[in-house]
Structure formats: structure tokens, C-alpha cells
Amino acid sequence: MNIKTIAIALTVLVFGVLILVLTQKGNYVSQATEHYEKTTANSFKGTSKIVEYVGSSIDMNKMLWALSCEAIQTVKSSQDMAKLEGKYFPSTKGANSISKMTRRFEATSAYFIVSSFDKVEVDPKTQLKTLSGLKSIDVNALLGEVAMAAPVEEEDEGSEEE
């Protein structure tokens with residue numbers, strides 16, 4: 001073999017390697033771009049869901065505070081409270097506890113308020129019992145003190161501890 005043939009063969013080989021490197025480089029770039037887009041899209045979706053959840057929680061808390069503030073100023077009975085709850089949360093209903101003289105309204109399990117009333121009134125026509133004389137509204141759950149807002153069992157006044 002002469003030098004001319006070897007030079008041509010080496011030139012073809014160098015161009016072949018160069019073409020191979022350039023095509024592989026383009027392939028690596030497209031693979032890296034594809035991987036980056038997939039991972040960032042998943043991260044963005046997850047982060048978006050977290051931001052959406054936090055935003056809805058803030059809105060829920062804000063509406064419950066507005067409900068509580070308006071209730072303190074205007075509510076006289078549990079019926080008034082039910083109307084006010086319907087104004088802010090049309091799809092959610094609160095529940096009266098006639099024995100404890102409270103009304104509990106849960107927007108969600110984590111966001112709730114408990115209204116305490118002075119007395120129970122009975123409508124003479126319908127015999128429907130309602131609570132009246134709003135005393136206070138417990139907003140401990142809105143402050144993050146859920147354990148404080150949970151109902152506490154009352155002890156009998158006649159029993160004594162030894």
C-alpha cells in the first residue's frame with residue numbers, strides 16, 4: 001500500500017468519526033432537552049398544585065374570619081348564624097348542639113368555628129328548638145390551635161376528686 005491510499009483511508013476515517021461525533025452530540029442534546037422538559041414539567045405541576053392548595057386554604061380561612069367578624073356584630077340566634085353561613089358557604093351547613101348550646105360550622109375538617117349561645121328557645125307553633133343570645137365564637141381552629149377548639153367533656157359539679 002502506498003502513502004496515497006493510506007492518506008485517503010485516514011481522511012475518510014477522520015470524516016466518519018467527525019460525522020459520528022456530531023450526530024451523537026445532537027442526539028445527546030435532544031435527549032437532555034427532553035429529560036429536562038419532563039422533569040421540570042412534573043415539578044411545575046406538583047408545585048402548582050401546592051400553590052393552588054395553599055391559595056384555597058388562605059381563601060377559606062379569610063372567608064371564615066369574615067363570617068366570624070360579621071356574626072359577632074349581627075347574629076342573635078342560630079337561625080341568623082345559619083343564614084350568614086349560607087351567605088359565605090352556600091353548599092355547607094352547620095350543626096346545632098342543643099345540649100351544649102353551641103353551633104359548629106365546618107368549612108373543612110381543619111377550618112371550623114364554634115358559636116356559643118346563652119339559651120334555647122322553643123317556637124310554640126312548630127316546637128322547633130333554636131339557640132339564641134350569641135355569647136362567643138371560638139376561632140381557635142383558625143388560629144391553628146385545633147386542640148383548644150375541640151369539644152371538652154365537662155365534669156359534674158357535684159363530684160369531688162380525692
Side-chain angles (χ1 to χ4, degrees), residues 1-117 130-131 134-154:
M1 272 197 188
N2 62 20
I3 295 207
K4 190 176 182 184
T5 317
I6 294 174
I8 292 173
L10 285 176
T11 306
V12 169
L13 185 63
V14 167
F15 278 118
V17 170
L18 184 63
I19 290 171
L20 182 66
V21 168
L22 290 176
T23 57
Q24 287 300 323
K25 178 185 174 196
N27 205 9
Y28 290 142
V29 169
S30 66
Q31 286 177 355
T33 303
E34 187 178 316
H35 175 71
Y36 172 77
E37 288 173 355
K38 278 184 182 178
T39 55
T40 55
N42 289 340
S43 296
F44 181 74
K45 285 179 186 174
T47 305
S48 296
K49 287 181 182 180
I50 291 170
V51 168
E52 181 181 324
Y53 175 74
V54 169
S56 67
S57 294
I58 289 170
D59 289 342
M60 180 80 60
N61 198 335
K62 181 179 159 184
M63 287 178 29
L64 274 169
W65 276 108
L67 170 79
S68 300
C69 291
E70 190 171 341
I72 285 291
Q73 295 172 359
T74 62
V75 168
K76 293 181 178 28
S77 68
S78 59
Q79 290 175 336
D80 295 340
M81 190 68 173
K83 289 177 188 173
L84 196 58
E85 291 165 1
K87 175 183 168 185
Y88 285 96
F89 298 92
S91 62
T92 310
K93 303 210 180 290
N96 290 339
S97 172
I98 300 297
S99 62
K100 295 180 183 176
M101 292 196 296
T102 60
R103 179 172 178 86
R104 184 179 176 100
F105 177 75
E106 290 188 15
T108 66
S109 59
Y111 295 104
F112 62 90
I113 57 174
V114 180
S115 308
S116 300
F117 293 88
T130 60
L131 300 168
L134 180 67
K135 262 195 317 192
S136 65
I137 297 179
D138 183 1
V139 292
N140 283 332
L142 301 181
L143 297 171
E145 300 167 357
V146 178
M148 302 268 306
V152 179
E153 296 290 326
E154 294 182 13

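The structure displayed is predicted, hence computed values, not measured ones.
Listed here is the closest heavy atom pair of T102 and S116: CG2-OG, 4.0 Å. The two atoms that bring S115 and L134 nearest to each other are CB-CD1, 3.9 Å, heavy atoms only. Heavy atoms only, all atoms of each residue included: V114 and R104 are closest at CG2-NH1, 4.0 Å.
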- Message: Let's go through K135 and M101 carefully: what are the C-alpha distance in whole Å and the side-chain angles of both, what is the deciding distance for side-chain contact (heavy atoms from CB on, under 4.5 Å) to 0.1 Å, and is it a yes or a no?
- Response: CA-CA 10 Å; K135 262 195 317 192; M101 292 196 296; 5.8 Å; no
- Query: So N140 and L143, side-chain contact (heavy atoms from CB on, under 4.5 Å) or not? Walk me through it.
  - Reply: CA-CA 5 Å; N140 283 332; L143 297 171; 4.2 Å; yes
- Task: Kindly determine whether E85 and L67 satisfy side-chain contact (heavy atoms from CB on, under 4.5 Å), including the steps that lead there.
- Result: CA-CA 7 Å; E85 291 165 1; L67 170 79; 4.3 Å; yes
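The CG atom of L84 lies 10.0 Å from the CZ atom of F89; values are rounded to the nearest 0.5 Å. N42 contributes atom CG, which lies 12.0 Å from atom CD of E37 (distance to the nearest 0.5 angstrom). In this structure, the separation between CD1 on I137 and CG on L142 is 10.0 Å, given to the nearest 0.5 Å. A distance of 8.0 Å separates CE in M60 from OH in Y111, rounded to the nearest 0.5 Å. Atom OG in S68 sits 9.5 Å away from atom OH in Y88 (nearest 0.5 Å). How far CD of Q31 is from NE2 of H35: 11.0 Å, rounded to the nearest 0.5 Å.
For the residue pair T5 and N2, a side-chain donor N or O sits within less than 3.5 Å of a side-chain acceptor on the partner.
Side chain of S56 to backbone of Y53: a donor-acceptor contact under 3.5 angstrom is found.
Cation-pi check for R103 over F117 is not met; the charged atom does not lie both under 6.0 angstrom from the ring centroid and within 45 degrees of its normal.
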